[in-house]
Amino acid sequence: MRTHYPVVIVGAGPAGLLLSHLLHLQGIESIVLESRSRAAVESTIRAGVLEQGTMDILNETGVGERMRREGALHHGIELAFGGQRHRISLTELTGRAITVYAQHEVIKDLIAAREAAQGDILFDVSDVSVHDIDSTQPSVQFTVDGQVRRLTCDFIAGCDGFHGVCRPAMPASVRKEYQRVYPFGWFGVLVEAPPSSDELIYAAHERGFALISTRSPTVQRMYFQCDPSERAETWSDERIWQELHTRTESDDGWRLKEGPIFQKSVIAMRSFVATPMQYGRLFLAGDSAHIVPPTGAKGMNLAVADVWRLARALDDFFHRDSEAGLRGYSEAALKRIWRAEHFSYWMTRMMHRLDDATPFEQQMQRSELEYVVSSRAASLMLAENYVGLPLA
């Protein structure tokens with residue numbers, strides 16, 4: 001049984017799986033360790049707005065075929081407030097677009113690619129711990145099938161999410177964390193219905209924010225702002241529809257298309273960044289290093305950008321004997337991360353009801369919305385951040 005890999009990846013989310021796929025294309029072997037079962041990983045439903053850069057990476061690396069076939073390519077979004085909807089033309093402003101394609105579908109595609117390449121993924125592992133990360137031969141210990149195993153490696157990629165073991169393994173003396181926990185959450189529902197709109201609708205209303213999104217021609221994803229302590233099961237379908245209709249009402253008579261609600265959940269919201277994203281031979285990527293509120297549609301895209309950068313740095317190390325990319329990984333990644341954090345924070349504050357806002361601040365929110373939809377410069381700023389800045 002093999003005991004050493006060039007790279008051990010902890011976590012089989014989008015970051016870990018894509019990193020393993022990218023490394024395989026570069027001829028670098030890796031193994032992915034995941035605490036959940038394959039079924040759980042593939043069935044955890046998450047939002048999925050893919051930036052242009054993410055779309056390009058999936059296409060260029062051979063895992064974008066199903067995304068192109070089943071995803072919904074969007075060239076704009078709508079901002080709704082005051083009974084009217086205003087379109088932000090993403091493609092006209094930037095030449096770029098987005099695709100709505102759920103995160104768990106991306107994960108399925110990546111697992112299939114690793115399986116086809118006979119890549120190593122271990123599901124249902126437990127008791128994962130990382131060791132000797134400040135040495136040239138770190139290791140990862142874990143339990144699988146009742147057996148304790150230990151793998152040595154050249155590098156560890158911590159792609160195990162906000163609650164994972166990798167970030168805490170970095171010394172507290174070198175780690176700094178920044179966080180903003182929001183006093184509201186999102187109540188999300190999945191609905192069997194045709195699309196209510198050709199593009200995503202972001203609605204600001206005095207009762208709170210709402211988002212109308214899509215999953216497929218027959219399944220729609222909708223959200224509305226709520227107290228994060230709400231219990232989804234206490235909401236009747238009738239009450240949910242009343243709230244969604246109220247927050248998205250339009251003076252032109254447009255209404256949401258209703259259908260059976262088959263999933264309800266409440267999502268807490270936070271902004272979070274951990275720095276640095278590397279220590280010794282341990283590198284963090286994705287949610288293990290940063291979280292954004294979903295308003296800006298940046299979460300999975302940041303994870304993709306992280307591992308795209310990390311894979312290039314590892315390629316330079318193994319094939320060109322250069323450590324420059326690895327040494328500069330954290331600083332370079334954080335520039336993009338803080339830009340996305342700011343955009344997501346800005347979108348969140350502009351679109352949500354802020355219970356602590358004074359009447360003056362409420363009018364400031366409305367003024368900002370009106371400026372964004374009436375100024376080409378302001379619309380361009382939103383659009384270029386929404387479709388994603390070019391990878392560099």
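Starting from 1, each residue takes its place in the sequence as its number.
Nearest approach of L284 to A289, heavy atoms of both residues: CB-CB, 4.0 Å. Closest approach of T348 and H352 over heavy atoms only: O-ND1, 2.9 Å. Residue I201 comes nearest to A80 through the heavy atom pair CG2-CB, 4.0 Å, listed as atom of the first residue, atom of the second, then distance. Taking both residues in full, the closest heavy atoms of Q362 and A357 are given as NE2-O, 3.7 Å, listed atom of the first, atom of the second, then distance. For the pair V372 and A378, the tightest heavy-atom approach, listed with the atom from each and the gap, is CA-CB, 3.7 Å. Counting all heavy atoms, side chain and backbone alike, T214 lies closest to A72 at CG2-CB, 4.5 Å.
No donor-acceptor pair under 3.5 Å is formed between the side chain of R312 and the backbone N or O of G325. The backbone N or O of R349 lies less than 3.5 Å from a partner atom in the side chain of Q365, making a donor-acceptor pair. Judged by distance alone, with hydrogens and angles left aside, the side-chain atoms of S288 form a donor-acceptor pair with the main-chain N or O of G158 at under 3.5 Å. Panel note: side chain T248, backbone L244; a donor-acceptor pair is recorded below 3.5 Å. Counting only distance, with no hydrogens or angles, the side chain of E177 and the backbone of A274 share no donor-acceptor pair below 3.5 Å. Remark: side-chain polar atoms of S379 are paired, donor with acceptor, to backbone N or O of S375 under 3.5 angstrom. Side chain of S250 to main chain of G253: no donor-acceptor pair is present (N/O by atom type, distance under 3.5 Å, no hydrogens or angles). S37 places a side-chain N or O within 3.5 Å of a backbone atom of A40 that can act as its donor or acceptor partner. Panel note: side chain D132, backbone S139; no donor-acceptor pair is recorded below 3.5 Å. For the pair E34 (side chain) and V125 (backbone), a donor-acceptor distance under 3.5 Å is absent.
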Show me, pair by pair, the donor-acceptor contacts under 3.5 angstrom made by side chains of residues 187-197, not counting sequence neighbours?
unit_1: S196; atom_1: OG; unit_2: K257; atom_2: N; d: 2.8
unit_1: S197; atom_1: OG; unit_2: E199; atom_2: N; d: 3.2
unit_1: S197; atom_1: OG; unit_2: E199; atom_2: O; d: 2.8

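In summary, the side chains of H342 and S344 do not present any donor paired with an acceptor at a separation below 3.5 Å, with no hydrogens or angles considered. Neither side chain, Y5 nor D154, offers a donor N or O lying under 3.5 Å from an acceptor on the other. T54 and N301 are linked by a side-chain donor-acceptor pair at a separation below 3.5 angstrom, with hydrogens and angles left out of the test. Side-chain contact, R270 with Q179: a donor N or O sits under 3.5 Å from an acceptor N or O. Using modelled atom types, one finds no donor on one side chain facing an acceptor on the other under 3.5 Å when comparing H290 with W338. Residues E243 and W235 bring no donor and acceptor atom of their side chains to less than 3.5 Å of each other. Counted by atom type alone, Y182 and S271 present one or more donor-acceptor pairs between their side chains at under 3.5 Å.
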Query raised in the report: Could you walk me through whether R66 and Y101 pass the side chain to side chain donor-acceptor pair (under 3.5 Å) check?
Result: CA-CA 10 Å; R66 199 162 67 93; Y101 187 62; 3.3 Å; yes
Query raised in the report: Stepwise, does the ring-ring contact (aromatic ring centres under 6.0 Å, His included) test hold for F209 with F184?
Result: CA-CA 10 Å; F209 170 77; F184 45 77; 8.9 Å; no
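V387 is not connected to M55 by any chain of hydrophobic side-chain contacts under 4.5 Å among Ile, Leu, Val, Met, Phe, Trp and Tyr, and they are in different clusters. No single ILVMFWY cluster, assembled from side-chain heavy atoms under 4.5 Å apart, contains both I57 and I98. Residues Y386 and I88 share a hydrophobic cluster, clusters being chains of Ile/Leu/Val/Met/Phe/Trp/Tyr side chains in contact below 4.5 Å. Under the 4.5 Å side-chain contact rule for hydrophobic residues, V219 and L200 do not share a cluster. Residues I9 and V304 share a hydrophobic cluster, clusters being chains of Ile/Leu/Val/Met/Phe/Trp/Tyr side chains in contact below 4.5 Å.
Both tests hold for R167 against F162: distance to the six-membered ring centre under 6.0 Å, angle to the ring axis within 45°. A cation-pi arrangement is absent between R180 and Y178 under the rule of less than 6.0 angstrom and at most 45 degrees off the ring axis. Taking the ring axis of F224 as reference, the NZ or CZ atom of R247 does not stay both within 45° of it and closer than 6.0 Å to the ring centre.
Put simply, the side chain of T91 does not reach to within 4.5 Å of the side chain of R96, judged on heavy atoms. Residues R336 and L389 have side chains in contact (heavy-atom distance under 4.5 Å, counting atoms from C-beta outward). Contact annotation: the side chain of V266 never approaches that of Y223 to less than 4.5 Å [non-hydrogen atoms, C-beta and beyond]. For the pair E78 and H86, the minimum side-chain heavy-atom distance is 4.5 Å or more. In this structure the side chain of V273 never reaches within 4.5 angstrom of the side chain of I291, judged on heavy atoms. In this structure the side chain of M67 reaches within 4.5 angstrom of the side chain of T99, judged on heavy atoms. Side-chain contact check for L23 versus S30: some heavy-atom pair is nearer than 4.5 Å. D306 is listed as a side-chain neighbour of I337, based on a closest heavy-atom distance under 4.5 Å.
Here the CE-CD distance, from M222 to E258, works out to 8.5 Å after rounding to the nearest 0.5 Å. Rounded to the nearest 0.5 Å, atoms CG (L19) and CG (L314) are 6.5 Å apart. One finds the CG atom of D124 at 8.0 Å from the CG atom of D145 (value rounded to the nearest 0.5 Å). How far CD of Q26 is from NE2 of H21: 10.5 Å, rounded to the nearest 0.5 Å. How far CG of D287 is from CG of L302: 9.0 Å, rounded to the nearest 0.5 Å. Note that the CG atom of L90 and the CG atom of N385 stand 11.5 Å from one another [nearest 0.5 Å].
By the 4.0 Å N-to-carboxylate-O rule, E115 lies close enough to R38 to be salt-bridged with it. In this structure, E29 pairs ionically with R2, as a charged nitrogen and a carboxylate oxygen lie closer than 4.0 Å. Between D120 and R114 there is no salt bridge, since no side-chain nitrogen of the basic residue lies less than 4.0 Å from a carboxylate oxygen of the acidic one. Under the 4.0 Å criterion applied to side-chain N and carboxylate O atoms, D355 and R353 are assigned as salt-bridge partners.
Environment of CZ in R231: sparse, with no more than 12 heavy atoms of neighbouring residues, nucleotides or ligands closer than 6.0 Å. Summarising the local packing, CG of D198 is surrounded by 12 or fewer heavy atoms from other residues, nucleotides or ligands at distances under 6.0 Å.
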